[in-house]
Amino acid sequence: MRLALTGGIVMEKVRVRFAPSPTGKLHIGGARTALFNWLLARSTGGTFVLRIEDTDVERSTQASVDQIISSLKWLGLDWDEGPEIGGEYGPYFQSERLHLYEDKAQELIDKGKAYLCYCTPEELEAKREEARRTGRPPRYDGHCRNLSEEECARLAAEGRQAVIRLKVPETGETVVDDLIRGRVVFQNSILDDFIIIKSNGMPTYNYACVVDDHAMRLTHIIRAEEHLSNTPRQVLLYQALGYELPQFAHVPMILAPDRSKLSKRHGATSVEEFRDQGYLQEAIINYLALLGWSPEGTDEIMPLEDIVKQFSLERVSKNAAIYDTKKLTWINGYYLRNLPGERVVQETLPFLKRLGLIGEEPGEDELRLAHDSVLLTRDRAKTLEELADAVSYFFKDGFDYDEKGVQKHFSDPAAADRLCQARARLEALADFTYESIESEYRQLAEELGIKAAQLIHPTRLALSGRTIGPGLFELMALLGREKCLKRLERAIDFIGQRTVE
RNA sequence: GGCCCUAUCGUCUAGCGGUCUAGGACGCCGCCCUCUCACGGCGGAAACUGGGGUUCGAGUCCCCAUAGGGCUACCA
């Protein structure tokens with residue numbers, strides 16, 4: 001068995017899990033939790049398990065399951081056990097493990113550690129309301145804790161559906177030893193007899209989680225801090241069931257820019273949305289790793305392999321982080337200009353299709369132009385979406401001219417004439433290459449007694465409609481002589497039109 | 001309300017009693033490079049929440065206050 005050093009304790013092979021509930025898309029907080037689990041597994045030669053917590057029949061959907069799985073795959077967070085691939089400790093959907101929860105619950109009842117409760121949600125809500133009104137903590141009062149069999153039978157005969165509650169000790173304390181937060185102590189007296197099996201027969205989160213984490217032989221429970229307060233309940237369950245405790249590590253939460261919990265109204269928060277906006281998998285992973293964890297050195301741009309090598313829970317911070325799209329965007333730009341060109345081209349294709357710049361089944365010419373234009377322009381874009389837009393003029397002729405550019409470069413009375421001369425020179429050029437175009441342009445500028453820039457800027461505007469973009473001569477060489485001439489003519493007409501008005 | 005966690009530049013963070021006149025990154029500002037825009041290079045502004053302790057010495061340890069977050073569901 002492989003040994004792994006974690007938290008200074010030598011232990012058996014690491015087994016960790018990501019256990020999302022399929023009630024929506026995978027948001028960046030969940031993705032980060034998944035990443036940290038994955039990183040611990042990969043950095044220690046351990047096992048990463050994916051488990052779907054679909055015990056909320058009201059909110060769980062198959063679409064969410066598919067969504068989360070596809071996002072994880074896209075991020076490259078592959079699991080060793082879980083949906084689609086199975087594993088030794090399956091099934092990996094909690095809805096398929098109900099018998100296990102029932103068996104264990106029965107065991108707890110038999111041992112006198114849990115009991116049936118017949119209070120209805122309405123009755124409980126009324127009591128809670130009452131407690132709130134009188135300023136008392138809204139705890140379950142143990143109403144059904146000592147029901148006799150006759151009473152149970154009577155209540156059942158009334159048609160009441162029972163839930164199962166855990167008997168929580170009224171005194172003493174429960175300790176959570178957390179790898180990130182240290183020792184956290186909770187007084188049992190503030191906990192109440194919480195429900196472990198709902199009246200519809202489904203287990204609650206705190207309960208199913210414990211049964212499965214144990215059954216799946218997990219060694220480390222890495223999850224968001226929102227679960228820290230639930231952990232004493234789970235520890236109590238571990239004890240009641242006679243299970244050995246795993247190591248807990250509660251990672252800080254990721255907050256929206258307004259410091260509140262992430263939600264839809266904060267714009268893009270799901271992995272899928274970031275992907276649609278043109279963020280690369282590598283960038284999101286790199287950014288997420290930096291949110292709550294920090295490498296020892298000063299390099300922040302790091303490929304996954306390096307993060308895996310360096311990752312440790314000891315360097316995970318304790319404070320909640322606000323995610324900052326600006327930095328993500330910067331990282332994305334870095335990957336855009338440093339990843340293998342072919343890769344960037346492939347990633348840009350869907351965005352070009354979306355803009356209708358190339359067909360759904362692009363032909364050879366389209367692909368070649370996409371390839372060349374993307375490589376020529378990628379240094380200047382931060383996202384794939386931006387990149388696709390930035391190369392759009394290579395694919396279509398009828399673009400508008402940038403308004404400020406027109407003011408600046410097309411209002412000079414000599415502009416049309418200069419473009420005209422440039423056009424003539426280009427037409428006469430022996431070969432239409434980057435070098436020949438440049439030397440011709442510079443020569444023309446000299447002959448006209450103007451700076452090359454005075455020729456270059458109007459030309460760029462004429463050819464692309466923009467004032468920004470790649471080097472003009474490279475742009476022209478790629479566009480080709482024919483299109484250059486046509487677009488120059490169009491611009492000359494445009495300027496003429498303008499001066500008439 | 002009760003309980004729990006957290007607190008360093010706008011943001012992410014380094015810092016694990018003296019090396020901190022607090023380091024890095026993003027963003028911002030300026031300069032350089034330059035056909036524009038990016039990239040790149042150089043430089044700059046920018047933080048230890050407040051108050052008590054402990055200590056020869058505190059960003060670093062303790063307490064209180066304050067602030068933010070979480071939990072307190074038949075959600076996870």
Side-chain angles (χ1 to χ4, degrees), chain A residues 19-23 53-56 58-60 117 119-121 124-125 128 131-132 134-139 161 163-165 176 178 180-181 184-187 189-192 194-200 202-206 208-209 223-233 250 252-253 255 257 259-261 287 290-301 314-315 317-331 333-334 337 377-382 390 405 409 438 441-442 445 451-457 459-461 466-473:
Chain A
S21 66
T23 54
E53 308 218 326
D54 54 351
T55 55
D56 184 342
E58 301 289 311
R59 300 196 303 150
S60 297
C117 167
C119 296
T120 64
L124 294 171
E125 184 45 47
R128 259 197 299 274
R132 263 194 292 271
T134 56
R136 290 291 88 202
R139 303 172 64 246
Q161 287 293 313
V163 300
I164 301 176
R165 289 180 184 271
V176 176
D178 192 276
I180 294 170
R181 310 203 177 252
V184 185
V185 181
F186 297 84
Q187 294 303 316
S189 56
I190 58 126
L191 268 20
D192 61 2
F194 56 92
I195 294 172
I196 59 174
I197 299 280
K198 309 179 214 173
S199 58
N200 66 359
M202 298 298 268
T204 57
Y205 161 72
N206 282 311
C209 170
R223 59 180 28 155
E225 196 196 328
E226 57 184 317
H227 295 296
L228 180 60
S229 297
N230 276 317
T231 309
R233 285 173 239 279
H250 287 92
M253 309 257 310
L255 269 24
R259 295 208 137 275
S260 71
K261 214 172 163 179
Y287 177 68
L290 259 20
L291 220 49
W293 172 81
S294 60
E296 275 191 55
T298 174
D299 287 348
E300 296 200 335
I301 296 276
E314 280 157 39
R315 292 194 67 84
S317 83
K318 296 179 184 175
N319 24 355
I322 297 172
Y323 76 94
D324 175 19
T325 344
K326 292 243 177 64
K327 187 154 179 176
L328 204 212
T329 302
W330 170 73
I331 293 177
Y334 175 87
R337 53 184 185 270
T377 311
R378 65 163 162 163
D379 286 4
R380 294 167 170 79
K382 301 280 193 199
H409 307 301
E438 174 156 21
Y441 249 65
R442 297 209 180 273
K451 285 193 284 189
Q454 287 174 276
L455 217 42
I456 287 169
H457 295 313
T459 303
R460 173 178 289 106
L461 186 61
R466 310 186 183 210
T467 58
I468 61 173
L472 180 68
F473 308 114

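Letters A, B, ... mirror the listed sequences (proteins, then strands); counts begin at 1.
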* With the sugar-phosphate defined as primed atoms, P, OP1 and OP2, and the base as all remaining atoms, what B/S/- string results for nucleotides 59-71 of chain B, 5' to 3', for protein heavy atoms under 4.0 Å? -> ---------SSBS
* To do: Take nucleotides 24-41 of chain B nucleotide by nucleotide from the 5' end and write B, S or -, depending on whether a protein heavy atom sits under 4.0 Å from the base, only from the sugar-phosphate, or from neither.
  => BBSS-------BBBSSS-
What pairs of nitrogen or oxygen atoms, one from the protein and one from nucleotides 42-46 of chain B, lie under 3.5 Å apart?
none

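At whole-Å resolution of the value, NE2 in A:His250 and C1' in B:rC5 are 11 Å apart. Nucleotide B:rC74 holds its P atom 14 Å from the CZ atom of A:Arg59, rounded to whole Å. Note: CD1 (A:Ile195) to P (B:rA76) measures 11 Å, nearest angstrom. Counting to the nearest Å, the P atom of B:rC74 and the CD1 atom of A:Ile197 are 14 Å from each other. Following rounding to the nearest Å, A:Ile180 (CD1) and B:rA7 (P) show an atom-to-atom distance of 13 Å. The distance between atom NZ of A:Lys318 and atom P of B:rC12, rounded to the nearest whole Å, is 17 Å. Taking atom CG of residue A:Asn319 and atom P of nucleotide B:rU6, one finds them 9 Å apart after rounding to whole Å. Between A:Arg132 atom CZ and B:rA73 atom C1' the separation is 10 Å, expressed in whole Å.
Across A:Ile322 and A:Tyr287, no two heavy atoms sit closer than the pair O-OH, 4.4 Å. Here the shortest heavy-atom pairing between A:Glu53 and A:Ala19 reads OE2-CB, 3.4 Å. Across all their heavy atoms, A:Val163 and A:Lys198 have their closest contact at CG1-C, 4.0 Å.
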* **Evaluation steps, side-chain hydrogen bond (donor to acceptor under 3.5 Å, both in side chains), between A:Ser189 and A:Arg139** => CA-CA 10 Å; A:Ser189 56; A:Arg139 303 172 64 246; over 6 Å; no
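A salt bridge between A:Asp324 and A:Lys327 is absent, with no side-chain N of the basic residue lying under 4.0 Å from a carboxylate O of the acidic one.
Pairing partner, B:rC33: none, since no Watson-Crick or wobble contact has both distances short of 3.5 Å. In this entry B:rC71 has B:rG2 as its Watson-Crick or G-U wobble partner, both defining distances falling under 3.5 Å. Base pairing analysis places B:rA47 opposite nothing; no Watson-Crick or G-U wobble pair with both distances below 3.5 Å involves it. Look at B:rC56: its Watson-Crick or wobble partner, with both distances under 3.5 angstrom, is B:rG18. Pair assignment for B:rU66: B:rA7, on the basis of Watson-Crick or G-U wobble contacts that are both within less than 3.5 Å.
For the pair A:Leu328 and A:Tyr323, the minimum side-chain heavy-atom distance is 4.5 Å or more. Between A:His250 and A:Ile180, the closest side-chain pair of non-hydrogen atoms is not below 4.5 Å.
Nearest nucleotide to the side chain of A:Asp56, out of B:rU6, B:rC3, B:rA76: B:rA76. Closest to the side chain of A:Val163, from the set B:rA76, B:rU13, B:rC74, is B:rC74.
Other residues, nucleotides and ligands contribute more than 12 heavy atoms inside 6.0 Å of the CZ atom of A:Arg315.
Contacts of A:Thr23 with the nucleic acid, taken as non-hydrogen atoms under 4.0 Å apart, are absent. A:Thr329 comes within 4.0 angstrom of no nucleic acid atom, judged by non-hydrogen atoms across all strands. In this structure, A:Cys117 reaches neither bases nor backbone, as no heavy-atom distance under 4.0 Å exists between it and the strands shown. Within the nucleic acid shown, A:Gly292 comes within 4.0 Å of sugar-phosphate atoms alone, with no base atom in reach, counting heavy atoms only.
Aromatic ring orientation, A:Tyr441 versus A:Phe473: perpendicular (interplanar angle above 60°, classes split at 30° and 60°).
Remark: the backbone N or O of A:Leu228 is not paired with any side-chain donor or acceptor of A:Arg223 at under 3.5 angstrom.
Between A:Ile190 and A:Tyr323, the residue whose closest nucleotide on RNA chain B is further toward the 5' end is A:Ile190.
For the pair A:Ser294 and B:rA14, the criterion of a side-chain N or O lying under 4.0 Å from OP1 or OP2 is met.
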